[in-house]
Amino acid sequence: MRLQLPNPGLEDRILSHEELDKLETEEAGRGDRPKWDNKTQYMLTCVGFCVGLGNVWRFPYLCQSHGGGAFMIPFLILLVLEGVPLLHLEFAIGQRLRKGSVGVWSAIHPYLTGIGIGSMCVSFLVSLYYNTIMAWVMWYFFNSFQETLPWSQCPLNANMTGLVSECERSSPVDYYWYRETLNTTPDIDNTGGLQWWMVLCHVSAWALLFICISRGIETTGKAVYITSTLPYVVLTIFLIRGLTLKGSLNGVKFLFTPDMNELMNPTTWLDAGAQVFYSFSLAFGGLLSFSSYNSVHNNCEQDAVIISIVNGATAVYAATVIYTIIGFRATEKFDDCISGNILTLLNTFDLPEGNVTESNYDQVLHSLNGTYPEVIQGLNLKTCDLNSFLSEGVEGTGLAFIVFTEAITKMPVSPVWSVLFFIMLFCLGLSSMFGNIEGVLVPLQDLGVFPKSWPKEAIAGITCVLCCLVGLIFVQGSGNYWLSLFDSYGGSIPLLIIAFCEMVGVVYLYGIDRFNDDIEFMIGHKPNLFWQITWRFVSPAIMFVIFVFYFITKVQETPMYKAWNPESDNFPTLEEKEYPTWIFAIIFILAGIPGLSVPLTAIYKCLRNRCCKKDNEFKQDDLNTIAKQVQLTDEATKNKPDIPETADGR
Amino acid sequence: MHCCSHIILLFGQAICTVGDNCYRAVTFLKEGMLVWILFLLCQVGAPALAQDLCQRDAPNGYKVRISLKTALGEDAYEWNQSEMFFFQATMAFAMRRHFQMETYNVDNIILCVQTSRVSFWFVVTSPDNTTMLIPKADVEKAVRMSRHRINNAFLLSDRTLEFLGIYPTLAATVNPDTPPWLIVFGVVIGAVCAGIIALLVSSLLQKRRKEKGMTEDGQDEEDMQVKGVENGINLDGTYNRGFTDDDRFTKL
């Protein structure tokens with residue numbers, strides 16, 4: 001007995017299989033719905049959306065901090081049990097119902113429109129801050145066209161007597177990132193005003209995005225040929241360069257050395273699950289949209305498996321490349337540290353050069369400590385540990401803009417590597433932005449916010465201008481703090497809720513039987529036992545567990561943020577500060593509204609139906625979509641005698 | 001040797017004043033021996049005096065530290081007495097360059113406390129009075145002025161030839177008139193604007209072409225039907241408009 005919730009009127013809201021076939025055979029110019037030029041564009045767009053900045057700066061960190069090679073085990077297991085089924089589900093339902101996220105969920109059941117609206121809200125919030133990261137990447141890219149990279153040395157202070165104090169106490173790369181790029185304020189209450197150079201980069205990022213999305217997939221389909229393939233080229237170049245640098249293999253060994261004890265730690269599994277989920281960009285609505293532009297008989301099962309494999313493989317490949325460079329940097333720092341100590345010893349005891357080398361350093365130090373302990377104490381020699389250099393704060397923006405840029409300054413011909421690296425980051429981010437914006441524009445069109453007569457370019461233009469203006473929050477002095485706020489609360493919990501509702505909605509409201517038949521119609525064979533088990537039990541269970549744990553963790557801890565405060569005691573370590581109380585309202589808006597949109601819309605629709613008491617209440621009167629137009633013309637042609645009437649929509 | 005001649009003269013004067021009635025033969029011999037003893041003492045004493053001037057932590061001296069292997073690696077030369085002499089000569093040159101009136105010589109630069117690190121102390125005495133040391137500040141000015149020449153003489157740099165206490169002047173950063181990033185930004189934003197304009201123009205043209213094409217098509221069909229042409233075949237007679245499909249004129 002399959003569990004199936006009652007869903008009257010479903011057949012009236014969706015196209016039947018015959019209607020779908022007819023749509024296929026009709027001329028291309030007839031339908032207003034865009035189509036992919038070829039399969040390659042579709043695959044590259046999906047790969048580009050999934051492969052983003054997270055693969056480069058989140059996965060390597062997780063891998064290294066959760067036991068290296070051992071992390072692959074939970075990652076791969078959860079990829080297969082959580083990532084692939086969810087991906088297949090989104091592709092299949094999008095291809096079957098041929099609408100954007102709002103359209104699909106309201107077709108399945110009007111009470112589920114909230115899922116689509118939630119997806120749209122999350123896509124909007126993520127687009128806002130994601131493009132600011134693009135602006136930062138562009139700023140570094142613009143500044144890479146100089147012989148000496150500006151973050152390789154500290155600037156002189158006003159009297160030209162020494163280096164700027166803030167820079168001297170931290171490091172040139174830290175100073176360049178926090179002061180010359182962001183110009184951060186010491187806490188989130190000080191806005192610090194708009195930073196004009198960042199505003200310019202911000203505007204150019206949005207302008208570039210607008211060009212690429214102005215005509216929907218017509219333009220993005222061409223752009224992805226570059227934005228999705230260039231990162232792989234650059235990663236390969238960096239791999240070759242990285243492997244020839246000294247110390248790179250230390251990094252790779254550190255990354256992949258397995259520590260099996262980590263598998264006992266539940267946080268490892270949670271982090272692996274969350275990483276798989278966010279890495280696939282599920283529940284944004286973008287993948288649903290992209291899939292709906294396919295032909296009906298496209299093999300979505302194959303696509304889902306291929307894209308999952310590509311995503312996972314890219315994460316591992318990127319991690320290897322990143323860690324060769326990090327290994328090089330750590331070895332350089334270690335060598336500098338030891339050389340500094342050796343020099344101090346030589347100078348203090350007036351020993352000839354070459355007497356103390358890296359190999360006999362420990363020996364000599366020990367013997368000197370025996371004979372002159374007070375002198376050695378007074379020297380304050382630094383402890384040099386390669387592992388501590390390898391595990392220095394290497395995730396997120398810190399990895400890209402501080403650690404990696406420092407490594408680049410130590411490589412010969414630095415500007416070339418810098419330009420390549422930031423082009424790669426830009427392409428990775430831009431291709432993800434295509435998916436995010438798709439998840440915003442298509443629901444807006446479906447909801448009828450813009451008049452039908454307006455051209456696509458105008459709608460895209462207005463959305464970009466609006467997002468650009470709202471995004472100016474992130475280019476203030478305190479912009480960095482706002483960005484991490486949006487990232488931790490806007491782009492995490494709501495997605496888990498939406499994905500869970502998606503699975504439940506398709507499997508139990510749309511009906512797993514109907515879904516299986518649809519897939520059989522589309523690709524020719526029924527989905528096998530693996531898909532059945534994962535869709536019905538395993539994946540929703542995993543989503544639920546992850547959501548509960550994350551919710552509990554987030555609610556229990558007091559929200560803190562890390563601030564760059566030159567006046568703090570532990571400078572240059574970031575200062576942990578508590579958020580002010582008014583931030584909680586913002587957090588509620590960020591996490592609450594997309595998450596609560598599912599139940600709230602359901603309640604709203606329910607109340608509206610009850611109070612208005614209309615007939616045919618579940619008909620799609622309010623949604624003016626393509627499917628409806630097709631149905632109308634079908635109705636018109638049905639009146640002519642030469643087309644036979646079908647008894648049942650299936 | 002100025003100090004020695006001074007001493008001998010003084011002593012000689014002292015001897016002559018003591019005995020007005022000089023017993024020339026004996027005293028001459030005695031004087032000769034005394035002079036000889038004094039001379040010997042001077043040879044020993046002068047360096048001793050110099051050593052008093054130059055010592056570790058001398059108030060008017062500087063410590064110099066040289067790192068040959070760090071700077072030159074395989075091509076490092078050996079630091080020996082000749083190199084020390086060269087250093088004295090270079091410092092004398094630096095002092096001459098700074099104080100243009102005075103003629104410093106190699107003797108005016110006194111070195112001491114040499115170690116195998118290679119480091120040593122030096123002091124500079126005045127050319128007029130060998131017991132007088134040149135103050136630290138003046139030496140520093142002289143070194144700063146000729147630092148580049150001193151470094152180059154030894155094929156070293158500010159980091160590998162250190163005068164402890166004299167910090168190297170920081171290189172002034174080159175500030176170009178237009179920051180380079182603005183140039184790249186200008187190029188990118190120019191390309192983006194050109195792209196946007198091209199896009200809008202092409203979409204306008206497309207729209208106009210579509211409208212033109214639709215009206216033309218409509219016209220053609222009507223004309224063809226009126227002239228009695230259907231499916232490209234000329235029919236006899238004229239087409240009766242009364243039997244046309246009204247749907248053609250009302251578009252959905």
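What you see is a predicted model, and the numbers here were worked out from it, not measured in a lab. Just so we're on the same page: letters track the sequence lines, and every chain starts at 1.
Between B:R117 and A:T348, the side chains place no donor N or O within less than 3.5 Å of an acceptor N or O (distance only, hydrogens not considered). Side-chain atoms of B:T125 and B:N108 form a donor-acceptor pair, as typed in the model, at a separation below 3.5 Å.
Neither the backbone nor the side chain of B:L164 comes within less than 4.5 Å of any heavy atom in chain A. Using a 4.5 Å cut-off between heavy atoms, A:F210 contacts chain B through its side chain alone, with no backbone atom that close. Residue contact with chain B, scored on non-hydrogen atoms closer than 4.5 Å, involves the backbone and the side chain of A:E353 alike. If you measure heavy-atom distances from A:L343 to chain B, the contacts under 4.5 Å come from the side chain alone. For A:W139, the part lying near chain B is the side chain, with the backbone staying farther off; criterion is any non-hydrogen pair under 4.5 Å. For B:L68, the parts lying under 4.5 angstrom from a heavy atom of chain A are both the backbone and the side chain. Heavy-atom distances place both the backbone and the side chain of B:V192 under 4.5 Å from chain A.
Look at A:D37 and A:K222 and you find a salt bridge, because one of the NZ, NE, NH1 or NH2 atoms lies within 4.0 Å of a carboxylate O, short of that distance. A salt bridge links A:D335 with A:K246: the closest approach of a Lys/Arg side-chain nitrogen to an acidic carboxylate oxygen falls below 4.0 angstrom. A salt bridge links B:R144 to B:E140: at least one charged side-chain nitrogen sits closer than 4.0 Å to a carboxylate oxygen.
In this structure, B:F154 has its ring center under 6.0 Å from that of B:W79. Ring-centre distance between A:W136 and A:W177: below the 6.0 Å cut-off.
Here the rule is side-chain contact (heavy atoms from CB on, under 4.5 Å) with A:S144, and of A:I423, A:I408, A:T405, A:V419 only A:V419 fits it.
If you tally non-hydrogen atom pairs under 4.5 Å between each of B:G195, B:S116, B:S119 and chain A, the highest count goes to B:S116. Note on A:F141, A:F145, A:F349: by heavy-atom pairs under 4.5 Å with chain B, the leading option is A:F145. With chain A as partner, the option from B:L199, B:L182, B:I189 having the largest number of non-hydrogen pairs under 4.5 angstrom is B:L199. Counting heavy-atom pairs closer than 4.5 Å to chain A, the top-ranked of the candidates B:L200, B:V187, B:V188 is B:V188. Across B:I196, B:V118, B:I183, the residue that shares the most heavy-atom pairs under 4.5 angstrom with chain A is B:I196. Heavy-atom pairs under 4.5 Å with chain B peak, among A:L351, A:I211, A:N347, at A:N347.
Nearest heavy-atom pair across B:S203 and A:E457 is CB-OE2, 3.2 Å.
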